[in-house]
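Worth knowing before you read on, the calculation uses all heavy atoms, side chains too, and leaves out hydrogens, waters and symmetry mates. A, B, ... follow the sequence lines: proteins, then strands. Residue 1 opens every chain. Here the structure is a predicted model, which is why all the values come from computation and not from measurement.
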Protein chains: 2
Amino acid sequence: MSRRRVTIDDVAKLAGVSYQTVSRVINNKPYVSETTRQRVQEVIAETGYRPSPIARSLVTARTATIGLVVPDISNPYFSAIARGVEQVAYSKNYNVLLCNTGEDASRELEVLHALDERYVDGVIVCGLREEDALLQEALVHFRAAVLVNRRFADETIPAIVVDDVLGGYLATQHLLQMGHTAVGFIAGPTTSYSGAKRLQGYEKALTEAGLERQIDWVQHCPPTVVGGQLATQTLLANHPEITALFCYNDLVAVGALRDCAAVGRRVPQDMAIVGYDDIMLATLVSPPLTSCHVPRVEMGSQAVSMLLNCINNETDRCDEIVVTPELVVRASTMGVDTAVSVKQTAVLPNRAH
Amino acid sequence: MSRRRVTIDDVAKLAGVSYQTVSRVINNKPYVSETTRQRVQEVIAETGYRPSPIARSLVTARTATIGLVVPDISNPYFSAIARGVEQVAYSKNYNVLLCNTGEDASRELEVLHALDERYVDGVIVCGLREEDALLQEALVHFRAAVLVNRRFADETIPAIVVDDVLGGYLATQHLLQMGHTAVGFIAGPTTSYSGAKRLQGYEKALTEAGLERQIDWVQHCPPTVVGGQLATQTLLANHPEITALFCYNDLVAVGALRDCAAVGRRVPQDMAIVGYDDIMLATLVSPPLTSCHVPRVEMGSQAVSMLLNCINNETDRCDEIVVTPELVVRASTMGVDTAVSVKQTAVLPNRAH
DNA sequence: ATGAAAGCGCTAACAT
DNA sequence: ATGTTAGCGCTTTCAT
């Protein structure tokens, strides 16, 4: 398509200086006379010369690229995080290498290896499922790494996490305040770090209300609509006394909604439902879902900031950011006549092609 | 975090061979004795040596990385394409550099420049809004490029496009077959290439049915839920005679759904609605949306295949793939009692964290 | 079958 | 203020 690249040498020759001087100009280094700088810049403009990031990386041992590992980029939860990551990274002149693991734990390690220590300056990893030990072994090779939504037991790696205990607590407490006493929990995958935390919050709210936690009111499932639908079906078949459900995430909650619709239970009159994450979908189903809002884009942005701090060895290295979720109340728990938002629900932030 | 890297030289010394021989081994080149190969491989395993992709790129002028430019990765339409791209790229040992333009036309050029000619082997660009001339100027620098959902007038750049004329035709024809004669079109952005094609299909169906196209039954809007809601409100206020709506995409269709709910029009009894793309959301709203299915993941996969063909100068270079959309009929056009899927609706493919 | 030499395009000392 | 010399880690000729 195009012929030989213009190199720093070509520019130097055309400008009648050594290629060193050109290097100084493009890197804004001092000790170049204004006239020379001018001339060099003109030549650069004329030739359309652009320094090769590859050659540069070879000598600087920096790539200005960070890796982003997610289970599934088409999941709205992670695509929002990715957008936050991208925005900040781009504004700081970093590129983002995207990697999906396809929800496959062993792929996490493969991807991390493929992302090669020398090819990125750092990695941000979300929604990990693999074991601590293996992950730590894989992550230790990177100059810097930030975890999203998970902590290692020894807290060696900086992380940004949601206060999921609080989230689970708020969601459950809300249901209790609405007068429910039989509150089930559709709990997501057993391996989920966040799921375990939300369960703690759920238990805490029950305990505070003087209610005994019923072991079999908790039903695990894949974090999908279908997963939620089947789990709800099972749970309610065994425990028809349940009148409210706290769900692992909004997709699971939509599954619960579907099961209720299928068996003719009205929401919220016969069954109150709370989701988690507050993805766009939560506002679009009927009834709209009460959900625990998680600021995903911001989490992505903050993860990059943390990572760049580590990469550049900035002073105040903080190694944990805890994000606070907020309950957004909608019709799925309120009774249609009283449907209002406690929190100001943001004007729909959905974009499309 | 970790000390000095193991280089090809270290391996050579430890194995007692020249570093050239090591290079041969890692590249599976011939002319290495089996014993030497063994020994070198042992040392590689022991030291954990991995060749530097940067150094390699500098000499081969290949990066094994492709750029992917999308307007917004959190839009389900594009995240699905991204997943297709990622899958295939990864299987062929290519990395993907993700770039959002934030729906901003001028950012498209910036991003393309940032993606630098020498940093990626090729680019896949989706949902472009910028003018042909500027884009072509920016794209000509790359070794290879593939467009998704757009063609340049001169067809210089290979592309993968949906047959949107057909899609618009099928959607409209379906509505006409259901007995509607006043069919409006909520048309999305005026600058959208796909939108223009869908409009053609819409007109074609009307003409075939012997109906005159009413200029002001077409209402443009941003491709979002809110955009669709406002456009529907406007259109129906001016034309209460309209009983069916074809919508630019599913988000817009959901907006239409919302407006109908707000003013008490029942769907599909008082208003039939057809969306486009068939994103997961289409199956989750009530009533579920009839929509034109676009195989987005496959489009992403195919775009990579085309791109790698170009990069590697494979023989049969095809420069256009036209993907055929299929209408999936759901309750938003059928009347609740007859709600069935004409096409087998895939078991919900939604994944979550 | 193996090694030696050159060079990819650049930055970073060290001159001058 | 500018030029000279190395060398980043690798692949690619070209010898042997």
Side-chain angles (χ1 to χ4, degrees), chain A residues 2-41 43-44 47-65 93 116-121 141 143, chain B residues 2-41 43-44 47-65 93 116-121 141 143:
Chain A
S2 50
R3 54 223 161 349
R4 202 180 72 82
R5 312 253 73 100
V6 181
T7 74
I8 197 170
D9 244 341
D10 302 330
V11 176
K13 292 223 178 64
L14 287 171
V17 296
S18 82
Y19 72 177
Q20 189 38 235
T21 303
V22 178
S23 173
R24 289 200 181 94
V25 171
I26 58 186
N27 291 300
N28 282 311
K29 292 274 170 80
Y31 303 122
V32 184
S33 76
E34 201 41 50
T35 49
T36 315
R37 191 178 292 271
Q38 292 279 335
R39 191 148 32 90
V40 170
Q41 254 148 3
V43 175
I44 289 177
T47 55
Y49 164 74
R50 332 238 334 265
S52 156
I54 300 291
R56 211 171 231 181
S57 294
L58 188 57
V59 24
T60 59
R62 297 295 184 97
T63 59
T65 301
N93 292 311
D116 197 278
E117 313 101 75
R118 281 171 266 191
Y119 198 43
V120 293
D121 292 343
H141 295 297
R143 182 154 35 232
Chain B
S2 50
R3 50 212 170 352
R4 201 179 72 81
R5 312 255 73 100
V6 180
T7 74
I8 198 170
D9 243 339
D10 303 329
V11 175
K13 292 224 178 62
L14 286 170
V17 296
S18 82
Y19 72 10
Q20 188 37 233
T21 303
V22 178
S23 173
R24 287 198 182 94
V25 172
I26 58 185
N27 291 300
N28 283 311
K29 291 275 170 79
Y31 303 123
V32 185
S33 74
E34 200 42 47
T35 50
T36 315
R37 190 178 293 272
Q38 291 280 335
R39 189 149 33 89
V40 170
Q41 254 148 2
V43 175
I44 288 177
T47 55
Y49 165 74
R50 330 237 336 265
S52 156
I54 300 292
R56 210 171 231 181
S57 293
L58 188 56
V59 24
T60 60
R62 296 296 183 97
T63 60
T65 301
N93 293 311
D116 197 279
E117 313 100 74
R118 279 172 268 191
Y119 198 44
V120 292
D121 292 343
H141 296 298
R143 183 156 31 233

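With D:dT12, C:dA1, C:dT11 as the candidates, the nucleotide lying closest to the side chain of B:Tyr31 is C:dA1. The side chain of A:Thr21 lies closest to D:dT2 when the candidates are D:dT2, C:dT11, D:dC10. Set against C:dC14, C:dC10, D:dC14, the side chain of B:Arg24 has D:dC14 as its closest nucleotide.
Under the 4.5 Å side-chain criterion, counting only non-hydrogen atoms from C-beta, B:Lys13 is not in contact with B:Val22. Residues B:Arg37 and B:Asn28 form a side-chain contact, since some pair of their non-hydrogen atoms from C-beta on lies under 4.5 Å apart.
Between A:Ser18 and B:Asn27, the one whose closest nucleotide on DNA chain D sits nearer the 5' end is A:Ser18. DNA chain D is contacted by both B:Ala55 and B:Gln20; B:Ala55 maps to the nucleotide lying nearer its 5′ end (nearest heavy atom per residue). Mapping B:Val59 and B:Thr36 onto DNA chain C by nearest heavy atom places B:Thr36 closer to the 5' end of the strand. The residue among B:Thr35 and A:Leu58 whose nearest nucleotide of DNA chain C is located toward the 5' end is B:Thr35.
Of the side-chain N and O atoms in A:Lys29, none sit less than 4.0 angstrom from OP1 or OP2 of D:dT2. The phosphate of D:dT2 (OP1 or OP2) has a side-chain N or O of A:Ser33 nearer than 4.0 angstrom.
Atom pair A:Arg56:CZ and C:dC8:P shows a separation of 18 Å (rounding to whole Å applied). The distance between atom CD1 of A:Ile54 and atom P of D:dC10, rounded to the nearest whole Å, is 14 Å. Separating the OH atom of B:Tyr49 from the P atom of D:dG9 is a distance of 10 Å, rounded to the nearest angstrom. Per the geometry, CG belonging to B:Asp9 stands 14 Å off C1' belonging to D:dT11, to the nearest Å. In this structure, the CG atom of A:Asn28 is 12 Å from the P atom of C:dT11, given to the nearest Å. What separates OH of A:Tyr19 from P of C:dC10 is a distance of 10 Å, to the nearest Å. Put simply, CZ on B:Arg62 is 18 Å from P on C:dC8, counting in whole angstrom units.
The CD1 atom of B:Ile44 sits 11.0 Å away from the CG atom of B:Leu14 when rounded to the nearest 0.5 Å.
No donor-acceptor pair under 3.5 Å is formed between the side chain of B:Arg24 and the backbone N or O of B:Lys29. Remark: side-chain polar atoms of B:Thr63 are not paired, donor with acceptor, to backbone N or O of B:Ser57 under 3.5 angstrom.
Residue contacts shown for A:Ser57 are absent, as no nucleic acid heavy atom lies under 4.0 Å away.
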